[in-house]
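A quick write-up on the structure given underneath.
Treat the numbers as computed from the prediction; the structure is a model and nothing was measured.
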Amino acid sequence: MASLVSSPFTIPSSKGDQLSALAKKHIFLHSFLPKKANYHGSSKSLHGVKCVAVGNGLFTQTTQEVRRIVPDNDLNLPRVKIVYVVLEAQYQSSLTAAVRTLNSNRKNASYEVVGYLVEELRDKENYESFCKDLEDANIFIGSLIFVEELALKVKEAVEKERDRLDAVLVFPSMPEVMRLNKLGSFSMSQLGQSKSPFFQLFKRNKQQSAGFADSMLKLVRTLPKVLKYLPSDKAQDARLYILSLQFWLGGSPDNLQNFLKMITGSYVPALKGTKIEYSEPVLYLDSGIWHPLAPCMYEDVKEYLNWYGTRRDTNEKLKSPNTPVIGLVLQRSHIVTGDDGHYVAVIMELEAKGAKVIPIFAGGLDFSGPVERYLIDPVTKKPFVNSVISLTGFALVGGPARQDHPRAIEALRKLDVPYIVAVPLVFQTTEEWLNSTLGLHPVQVALQVALPELDGGMEPIVFAGRDPRTGKSHALHKRVEQLCTRAIRWAELTRKSKAEKKLAITVFSFPPDKGNVGTAAYLNVFSSIYSVLKDLKRDGYNVDGLPETSEALIEEVIHDKEAQFSSPNLNVAYKMNVREYQKLTPYSTALEENWGKPPGNLNADGENLLVYGKQYGNVFIGVQPTFGYEGDPMRLLFSKSASPHHGFAAYYSFVEKIFKADAVLHFGTHGSLEFMPGKQVGMSDVCFPDSLIGNIPNVYYYAANNPSEATIAKRRSYANTISYLTPPAENAGLYKGLKQLSELISSYQSLKDTGRGQQIVSSIISTARQCNLDKDVELPDESVELPAKERDLVVGKVYSKIMEIESRLLPCGLHVIGEPPSALEAVATLVNIAALDRPEEGISCLPAILAATQGRDIEDLYRGSDKGILKDVELLRQITDTSRGAITAFVQRATNDKGQVVDVADRLSSILGFGINEPWIQYLSDTKFYRADRDKLRTLFEFLGECLKLIVADNELGSLKQALEGKYVEPGPGGDPIRNPKVLPTGKNIHALDPQSIPTTAAMQSAMVVVDRLIERQKADNGGKYPETVALVLWGTDNIKTYGESLGQVLWMIGVRPVADTFGRVNRVEPVSIEELGRPRIDVVVNCSGVFRDLFINQMNLLDRAVKMVAELDEPPEQNYVRKHALEQAQALGVDVREAATRIFSNASGSYSSNINLAVENSSWNDEKQLQDMYLSRKSFAFDSDAPGVGMTEKRKVFEMALSTADATFQNLDSSEISLTDVSHYFDSDPTNLVQNLRKDGKKPSAYVADTTTANAQVRTLSETVRLDARTKLLNPKWYEGMLSSGYEGVREIEKRLTNTVGWSATSGQVDNWVYEEANTTFIQDEQMLNKLMNTNPNSFRKLIQTFLEANGRGYWETSEQNIEKLRQLYSEVEDKIEGVDR
């Protein structure tokens, strides 16, 4: 039994209770197992269950021995030995049956067979046994070998024996393996190079990426007939290859028997001359409709439906025209090989639940044709089905090989119903999956979860397991039930009328406080909800009693109307007593270990559990409870996260079972449901996200720039994520002293050669000091007389700094769903889109086009400006201003009087192509840049015109309504619209990217530049010494937006480069020589965010392999710091070098963040040491590429030793809308002070931040970046006025920036005193501002005052006693206001 228990995701309070929850949890376990076996008789104690994988530490623990058949020796027949390697095990039972029959016939030959699953070859012993088996084999067969590192292993082993083998047959696989084919004179060794038509098939075919397998199939149908009449041996060998493929694809035991007879009779020398009779292949339909009870396969959907209508074994309900109809997509190979038990289970479960099914299949890897043929009515073009489940687990077009997502999307758009892609276990047995904290095997996540998401697939529910002995698939009954219920619930959405549909809108509250209800990144939540509800009401949904304004809506949700005065509680929508809660929440006992008996003290009144929110007709707006442990410093120290508390579970039980929601809409980025403990991907039914969401269709508004966390929501809470726009960006501009400085610099430039030059420079220096710029620029004493050249340099440096502040992009205000930006608001975004070169699209950036007219290269100009060369700073400013002017002129031509973009296409076509009338040409004609290259400009502005259309398009409400009506929501990438305008328009079902596609070549180029600048900067700051170790962070979203730049940085630091395979997937690296590198290899300590770990486990594997490879290179330690430290640490810890070179860390599986952010936001920490302990206890879990199946293992000692060598800490900022103080994640992952404590010399490491938000990438110190952030956001009137225009939410945004600044003080000590002082002057000393904040959101204002007092109390801000006194007095005033006390 022990091995079947899903690992405990709970916090042990003591070793003794560690497993008490397991005993309660095992009630779920029977659901994982096929019904036949009785596993409950096991008397083994449950104690001692560990989260480690058994055996070889890999995911796949099975071995080839279950697939080995050795015939009896008593027959005097020639022995034929066959070795096969396949991706999935569905051929195992069919092939085994075929061989057993052949051996029992005792004719001609006896057959010895052994089969390997390609994943088993990762294990060293299995691989050795494979090589040994090949030594005396006659025939090798391979199929669907698409994982590069394993393909290369197969190639290496078979190549050695190829000439000796009698036949080598490889069916669709990577070209490297296909080239091994040999049948007599037929070979494919020229594959990809030859001109013959046969080989043209394998050429990369741009129009039809999935066409490879399909053209093979067409060929297979026709070629044998043609080849039969060609005399040459070559043609006959080719014919037999194609017949082999027909036999193989026809996969039944009969077909495989005849296949073996044909090949052995034709090619095994011992049987030459023996005539072995074989029958032609039994051909099955290439595609069609299959039902286990139907008499045949159908090619016509009408015939199938006629048969369905005459069935006698079904109840009447299935024949009613009102029953939901579910389409299923199946793989033909499972049907023909008889490995279809899991398909049958899904069909039976759906029918038992009252749904009709249309199960379609295809033999190739392109399912788009069958979907259009069989699931859409050819006459009305309406779908026959209400939702579709693909049980193949593959992308719709192309399977594991090359995908064609546009073609898949086109087919699914025509079908227009929800598209669910469920996952059968391929590389793990049921037991291995259950025991794994990671859940699904990483290769399977890449092929069968990430790729279908690019088609718009959702809900990756594991519905089938694999029997380790027979290799057959079997249904996981509880999972199948969950899958079928959810598919029917999605189908119901198409069939229910709008007036009767019930919707539960869920908002979040982080940190838990009344001033924080409705938190979401960049979103004005209540105004958005209000705009959504008004629209739904117009559309016919029942939203009775909706108040007149969004302000009134906030009041009704956040105030308990029954209380006498303004109470600290939210409005209570429902009180659930304990008995009801336990009845509705079957998993409630599993929560007791962390939270005690219900109701507990969170979201409870002592007797009942409270659900907060407010109902309007059929719409309920509810507040999702929080994690519950934010305020408890002890719980924050636990290395694994706690289960949800009773109040959290009660909320979802209410939504599903009492309110009976047809769908839940999670509003904004992001809640905590998807971050609850459980497997990373491929939930089981003891994983909390799965239990909580239950059977409710989940629609989730997610910020378009956060694809990584959106992906976690898709995979762990089955969300249909719909993107919303981040607010339009503007330039930060200048204010107060900074504006004055800018004016002084202008006058210096016009008067510098007169006698007044020195006098103006003195004013510039003293004003710069007042603005605290002396921390960023070295300023001489203002009384010192400077020579003209030095004066220019001082002014140039100050000028460069204020230009950097002025041009910084800020998202202004908050976005409201359904309100796209006006054209003029889009100008700043377009200017930034225009500032990036896009060589792959043949687009030059505008600054480069303009610089070229002055004979300058833009990169040189950036460098000169960074150094403070006055004329370069000035030219760059002119280029920036001219870019803005030209783009504004262009946008004005495309807008009407109201500033809205009208008929962009017509306006643009009338603009483009008239040369002199082009608005940008007219604008440039009055500037020094009038000679700019017209062709390049036209190409650029055509592209900008497309972008403008996308920015102002609005589909956020439209997509939500589609989802609620049970229609298909088109997928689209998430990321930064400036780097990748394809993110627009928003309102798409967000996906990440194929995890094996990064880092791209372009990302690697950018990474090298940043690493070189980082090392340059560190050497300059440290007397020319190289950093020996850099501690850095990898984020999920950043790597998606930049296609793996920060991943590339790690690789370049240690001196390796990625190597892509034929399909462009990166699964290997090779070292760069020290000579080429021109410097020592830098050691790294990589802290991956929990989200990065979930999305890019393949890349963690790649990084770990890379670091270990570098540690084992035979190089002098002074040239290879990875090796130097690994050798020292191996000696100190008494382990081998590979283990000592562990450098890739993250949280335990199913846990996220170091919790420092929660401690800081909730002021629940005593001292910095406590924060550092949180970081060490939560972030010290390592990934080991030598035992990937084990998941994350705690290796705190190695982690501490590695960190203690760090000379620098490093993070990346990659897009303008998220900077260091906008979110708490950045300081949550910052180890600067921690490293200082761990270092033997107690020296503080340098802390750097790379800023790649503009074309001119910068590496700044952390303190420079914090100052830049404070100047452009917190202290900038343009930013805080923009926020305050959003009202209630705006006050909270201001408070959040100040709290995050305190976070930086706590983890790095890099915040200057003046930042707090200026903030106090801005928000507290100004009476008018003070009253505005207090009246708009008193709860958030109280937190703001508390944060100021805390910054002072913790020693981060020194200020006058009267400032502190004023804050204390304000604190009690606002307390009274909140409590409703009049004094």
Side-chain angles (χ1 to χ4, degrees), residues 217 221 249-252 282-364 366-392 396 411-412 414-422 475 480 483-484 487-488 490-491 494-495 966 968:
L217 280 178
R221 283 265 179 264
L249 292 173
S252 61
V282 177
L283 296 182
Y284 295 95
L285 290 178
D286 271 347
S287 66
I289 304 170
W290 169 84
H291 189 291
L293 300 176
C296 61
M297 292 176 169
Y298 294 94
E299 263 188 299
D300 180 342
V301 69
K302 290 282 185 341
E303 280 180 33
Y304 170 77
L305 291 173
N306 289 343
W307 166 78
Y308 208 91
T310 59
R311 281 174 64 184
R312 300 218 177 120
D313 60 313
T314 59
N315 57 25
E316 282 312 299
K317 198 173 157 200
L318 275 192
K319 296 183 182 162
S320 135
N322 294 329
T323 45
V325 185
I326 312 292
L328 298 176
V329 179
L330 316 174
Q331 251 179 302
R332 190 185 73 169
S333 59
H334 277 282
I335 300 169
V336 297
T337 56
D339 181 15
D340 55 14
H342 53 321
Y343 290 172
V344 174
V346 173
I347 292 170
M348 295 306 155
E349 182 68 31
L350 285 167
E351 293 187 341
K353 288 190 181 312
K356 269 187 200 166
V357 282
I358 304 182
I360 66 170
F361 65 84
D366 179 354
F367 297 93
S368 62
V371 161
E372 292 184 34
R373 263 197 309 283
Y374 307 124
L375 299 181
I376 300 173
D377 187 320
V379 184
T380 64
K381 300 286 180 248
K382 289 214 164 67
F384 285 122
V385 291
N386 307 112
S387 67
V388 168
I389 313 173
S390 167
L391 298 179
T392 66
L396 194 71
L412 291 166
K414 289 180 192 163
L415 184 64
D416 204 17
V417 297
Y419 173 56
I420 293 171
V421 181
V480 165
L483 172 66
C484 295
I488 292 171
W490 276 109
T494 35
R495 300 169 50 256
Y968 173 70

Above 12 or not: heavy atoms from other molecules or residues under 6.0 Å from NZ of Lys319?
yes
Residue pair Tyr343, Ile335: steps toward the side chain to side chain contact (heavy atoms under 4.5 Å, CB included) verdict:
CA-CA 9 Å; Tyr343 290 172; Ile335 300 169; 4.3 Å; yes
Where does the angle between the aromatic ring planes of Tyr304 and His291 fall among parallel (under 30°), tilted (30 to 60°) and perpendicular (over 60°)?
tilted
Give a yes or no on whether the backbone of Ile358 and the side-chain of Tyr308 come within a donor-acceptor separation of less than 3.5 Å.
no
Do Leu330 and Asp340 come within less than 4.5 Å of each other through their side chains, counting heavy atoms only?
no
Can you measure from CD1 (Ile289) to OH (Tyr374) and round to the nearest 0.5 angstrom?
6.5 Å
Looking only at heavy atoms, what is the nearest atom pair of Ile347 and Pro359, with distance?
CD1-CG, 3.9 Å
For Asn386 and Val417, the nearest pair of non-hydrogen atoms, with its separation, is O-CB, 3.5 Å
Answer whether the closest heavy-atom distance between the side chains of Leu415 and Pro383 falls below 4.5 Å.
yes
Tell me the side-chain hydrogen bond (donor to acceptor under 3.5 Å, both in side chains) pairs involving residues 294-303, sequence neighbours left out?
none
Please examine the side chains of Phe361 and Pro370, heavy atoms only from C-beta on, and report whether any two atoms are closer than 4.5 Å.
no
Looking at every non-hydrogen atom in both residues, tell me the closest pair between Ala355 and Ile326 and how far apart they are.
CB-CG1, 3.9 Å
4.5 Å side-chain heavy-atom contact, Cys296 and Trp307
no
Give the C-alpha distance, both sets of side-chain angles, the deciding distance and a yes or no for side chain to side chain contact (heavy atoms under 4.5 Å, CB included) between Val371 and Val388.
CA-CA 10 Å; Val371 161; Val388 168; 5.9 Å; no
Can you measure from CG (Asp416) to NZ (Lys382) and round to the nearest 0.5 angstrom?
11.0 Å
Between CZ on residue Arg332 and OH on residue Tyr284, distance to nearest 0.5 Å
9.0 Å
Looking at Gly327 and Val385, what are the two nearest heavy atoms and their distance?
N-CG1, 3.5 Å
Taking salt bridge (charged side-chain N to carboxylate O under 4.0 Å, His left out) as the test, write out the residues that go with Lys414, two or more places apart.
Glu372, Glu410
Just so I know, are the side chains of Ile360 and Ser287 near enough to count as touching, which here means a heavy-atom distance under 4.5 Å?
no
Minimum side-chain heavy-atom gap Phe384-Asp377 below 4.5 Å
yes
Considering only heavy atoms from C-beta outward, does the side chain of Leu293 approach that of Met348 to under 4.5 Å?
yes
Once you round to the nearest 0.5 Å, how far does CG of Asp286 lie from CE of Met297?
10.5 Å
Out of Thr392, Ile389, Ile420, Val421, which one pairs with Val329 under the side-chain contact (heavy atoms from CB on, under 4.5 Å) rule?
Thr392
Considering all heavy atoms, the nearest Gly966-Pro418 contact:
O-CD, 3.0 Å
Any sub-3.5 Å donor-acceptor pair from Asn315's side-chain atoms to Leu318's backbone N or O?
yes
Which residue pairs satisfy the salt bridge (Lys or Arg N to Asp or Glu O under 4.0 Å) criterion with at least one member in residues 346-358, sequence neighbours excluded?
Arg311-Glu351, Glu349-Lys353
Distance (rounded to the nearest 0.5 Å) between Ser387 OG and Ile488 CD1:
8.0 Å
For Leu391 and Ala422, which heavy atoms make the closest approach, and how far apart are they?
CD2-CB, 4.2 Å
